[in-house]
J.: 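One structure, as structure tokens, below. Some questions next.
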Number of protein chains: 2
Amino acid sequence: MTINTNIVHKTRTQVVLEALRERILSGDIAAGTPLRQSALASELNVSRIPVREALLQLESEGLVNFEPHKGATAAGLCAEQAQELFELRALIETDLLAKSIDKMTQDHFDIAQKLLDKLEASLHQPDSSNTWSSLNTAFHASLYVAANRTSTMEIVQNINSNCDRYVRLHLLHLGSFQDADKQHQQLLDFCKARDKKAACELLHQHLLGSASEIVELVLRQTK
Amino acid sequence: MTINTNIVHKTRTQVVLEALRERILSGDIAAGTPLRQSALASELNVSRIPVREALLQLESEGLVNFEPHKGATAAGLCAEQAQELFELRALIETDLLAKSIDKMTQDHFDIAQKLLDKLEASLHQPDSSNTWSSLNTAFHASLYVAANRTSTMEIVQNINSNCDRYVRLHLLHLGSFQDADKQHQQLLDFCKARDKKAACELLHQHLLGSASEIVELVLRQTK
DNA sequence: AAATGGTAAGTTGTATACAAAAAAAGAGTC
DNA sequence: GACTCTTTTTTTGTATACAACTTACCATTT
């Protein structure tokens, strides 16, 4: 009868956290919107406690600004931040990729390819922006797992979570990322060929290219 | 003449947060120790709510592992993590330094020098490990502010907060960091001379050198 | 009108109380 | 004794209630 048989006891805090994160990332909650605890609580049918805890976690993820006694707001979009985050990704992810390439096995390639296929398929669907972004993150991550760098990956995922907002904005305005998909496939091919230099170079360009487009978009948006 | 009090009322959550962070960083609360909410609450004369919120924030800082329904524990020390974090710092901080050096003014040099003097002075005091580490972090940060990279600095500070535990352990076992201080002065001198290459090279060595000593120490500790 | 001051309303912060889950302790079986 | 299943205890999760802070409003004063 119940659909959620294998869902194991999510706390309300987690439910609220995921709901709010998605709403902010998707733009459903616009940048700068004040996030009133009681309003969110009654809207999500919980008390203020889980809402507060979720907001606190979102603050540490950088998606929310939480000021004591004042309240929380959805973090604003900022061109400088976007530029910095993507440059940081370029720096760290090329390093990860360089460390990963030699260790990648056929299994890693297969997993990455499967994600890439899904990514491409998602573009042809109407409701793509929801899924494209997380698949994009997953694809990138799949190229680095062989480096076996748990702590680094955790930090990268965190940075990515922030980039997500900008990527979704980007996608929303462009309609599709055909260039990105082409670059992704090429990137994976370079990995398969173990061409470290070419792969890192391409990844670097891929990220900085996104950055400059996004920065321009944000500047226009927030002006 | 209104006395605009910049002294804001600290919430109990913040007080608990700082108290617990310091205890974990200093080793007063050992790695792996279970952190019982009620125990901490009564010990700090607050209710469990601020304790929970502080634990949640410490989890996002990486100092605590928080498992739903199970409870929180002080995060364990891990050689791999230390290695990764210091390598990451080397990667990001050398990049920051390279971007910063050309923009540094006399003011920046003065501030850095002042921090360095304090750092050196702190070594001659009995209770050094408390202050040395935060001064060390501040000194490093002072070299990068000119790069004017807010978001990047935020992430660096976060990584540093995790490194702190390892640095303090290091200091505790070595008794002093005379080498580090010598390297710090040399680093600042390179900055003053605008010798980007030498400064970055030294910073890189400085961080990786610490890393290898710390890794060895942690391996011995946790064995 | 601008500034001051002081209430009132709204929002956040935290203590308390209770519900739910996990861990620990017994009771019975093999 | 080891194992399973129940029962008890401990610990965490969350709703509610109230206290503390901030802001907005209005009266008073200059």
Side-chain angles (χ1 to χ4, degrees), chain A residues 1-2 4-21 23-24 29-76, chain B residues 1-21 23-24 29-61 63-76:
Chain A
M1 184 175 175
T2 49
N4 48 348
T5 49
N6 45 358
I7 291 175
V8 278
H9 259 78
K10 266 185 193 165
T11 65
R12 284 162 219 260
T13 298
Q14 286 172 304
V15 173
V16 174
L17 178 64
E18 282 163 28
L20 288 180
R21 186 193 287 126
R23 284 202 202 174
I24 294 172
I29 292 179
T33 308
L35 303 166
R36 289 285 130 69
Q37 295 172 10
S38 346
L40 293 171
S42 62
E43 193 177 340
L44 296 165
N45 284 310
V46 296
S47 79
R48 272 174 52 226
I49 300 287
V51 172
R52 280 181 63 79
E53 293 188 351
L55 288 174
L56 241 25
Q57 291 185 252
L58 288 168
E59 146 99 14
S60 74
E61 290 180 25
L63 295 178
V64 156
N65 295 326
F66 195 111
E67 264 186 296
H69 294 290
K70 300 275 184 74
T73 54
Chain B
M1 206 74 26
T2 55
I3 307 164
N4 191 351
T5 59
N6 284 338
I7 309 162
V8 283
H9 196 252
K10 261 188 195 166
T11 65
R12 283 162 218 261
T13 298
Q14 287 172 304
V15 173
V16 174
L17 178 64
E18 282 163 29
L20 288 180
R21 187 192 288 124
R23 284 202 203 174
I24 293 171
I29 292 178
T33 307
L35 302 167
R36 289 283 131 68
Q37 294 172 10
S38 346
L40 293 171
S42 62
E43 192 176 344
L44 296 165
N45 283 310
V46 296
S47 79
R48 271 173 51 226
I49 300 286
V51 172
R52 279 182 63 79
E53 294 188 351
L55 288 173
L56 241 27
Q57 291 185 251
L58 288 167
E59 146 98 15
S60 74
E61 290 180 26
L63 294 179
V64 156
N65 295 324
F66 195 110
E67 262 186 298
H69 295 290
K70 300 273 183 77
T73 54

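Within every chain, numbering begins at 1; the chains are lettered A, B, ... in the order of the sequence lines, protein sequences first and strands thereafter. What you see is a predicted model; the values in this text were computed from it and never measured.
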J.: Counting only side-chain heavy atoms from C-beta out, which of D:dT14, C:dA15, C:dG13 sits nearest to A:His69?
T.: C:dG13

J.: Would you call B:Glu18-B:Arg12 a salt bridge at under 4.0 Å N-O?
T.: no

J.: Take A:Pro68 and A:Gln14, find for each the nucleotide of DNA chain D with the closest heavy atom, and name the residue whose nucleotide sits nearer the 5' end.
T.: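 Its nearest nucleotide being more 5', the pick is A:Gln14.
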
J.: Rounded to whole angstrom units, what separation is found between the CD1 atom of A:Ile49 and the P atom of D:dT12?
T.: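 Rounded to whole Å, this separation is 16 Å.
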
J.: Quick one: B:Leu17 CG to C:dT14 C1', roughly how many Å, whole number?
T.: 16 Å

J.: Hey, does the side chain of A:Ser42 reach the backbone of A:Ser38 with a donor-acceptor pair shorter than 3.5 angstrom?
T.: yes

J.: Any side-chain donor paired with an acceptor under 3.5 Å for A:Gln57 and A:Ser60?
T.: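 Judged by distance alone, the side chains do not pair up.
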
J.: Which one, C:dT16, D:dT12, C:dT12, comes nearest to the side chain of A:Arg52?
T.: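 Nearest to the side chain of A:Arg52 among the choices is C:dT12.
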
J.: Grab the CZ-P distance between B:Arg12 and C:dT16 for me, whole Å please.
T.: 10 Å

J.: Return the value, rounded to whole Å, for the distance between atom CG of B:Leu55 and atom P of C:dT14.
T.: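 Atom-to-atom, B:Leu55 to C:dT14, this comes out as 14 Å.
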
J.: Expressed as a whole number of angstroms, how long is the span from A:Arg48:CZ to C:dG10:P?
T.: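 These atoms are roughly 15 Å apart.
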
J.: To the nearest Å, how far apart are A:Leu35 CG and C:dT11 P?
T.: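 Distance check: A:Leu35 CG to C:dT11 P gives 13 Å.
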
J.: Rounded off to whole Å, could you give me the NZ-to-C1' distance for the B:Lys10 and D:dC21 pair?
T.: 17 Å

J.: Could you check which of C:dG13, D:dT14, C:dA15 has an atom nearest any side-chain atom of A:Ser47?
T.: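 That would be D:dT14.
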
J.: Does A:Arg36 make a side-chain donor-acceptor contact with the base of C:dG10, cut-off 3.5 Å?
T.: no

J.: Are any side-chain N or O atoms of A:Glu59 and backbone N or O atoms of A:Phe66, one a donor and one an acceptor, separated by less than 3.5 Å?
T.: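 Yes, because the side chain of A:Glu59 sits within donor-acceptor range (under 3.5 Å) of the backbone of A:Phe66.
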
J.: Would you kindly give the CG-to-P distance between B:Leu56 and D:dT14, to the nearest whole Å?
T.: 11 Å

J.: Of the nucleotides D:dT12, C:dG13, D:dA15, which one has an atom closest to the side chain of A:Val46?
T.: D:dA15

J.: Hey, does the side chain of B:Thr13 come within less than 4.0 Å of C:dT14's phosphate (OP1/OP2), counting only N and O?
T.: yes

J.: Quick check for you: to the nearest 0.5 Å, what is the distance between A:Glu61 atom CD and A:Leu17 atom CG?
T.: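 CG of A:Leu17 is found 5.5 Å from CD of A:Glu61.
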
J.: Does a side-chain N or O of B:Gln37 approach OP1 or OP2 of D:dT10 to a distance below 4.0 Å, or not?
T.: no

J.: With respect to the side chain of B:Lys70, which nucleotide from D:dA15, D:dG13, C:dA23 is positioned closest?
T.: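 In terms of side-chain proximity for B:Lys70, the closest of D:dA15, D:dG13, C:dA23 is C:dA23.
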
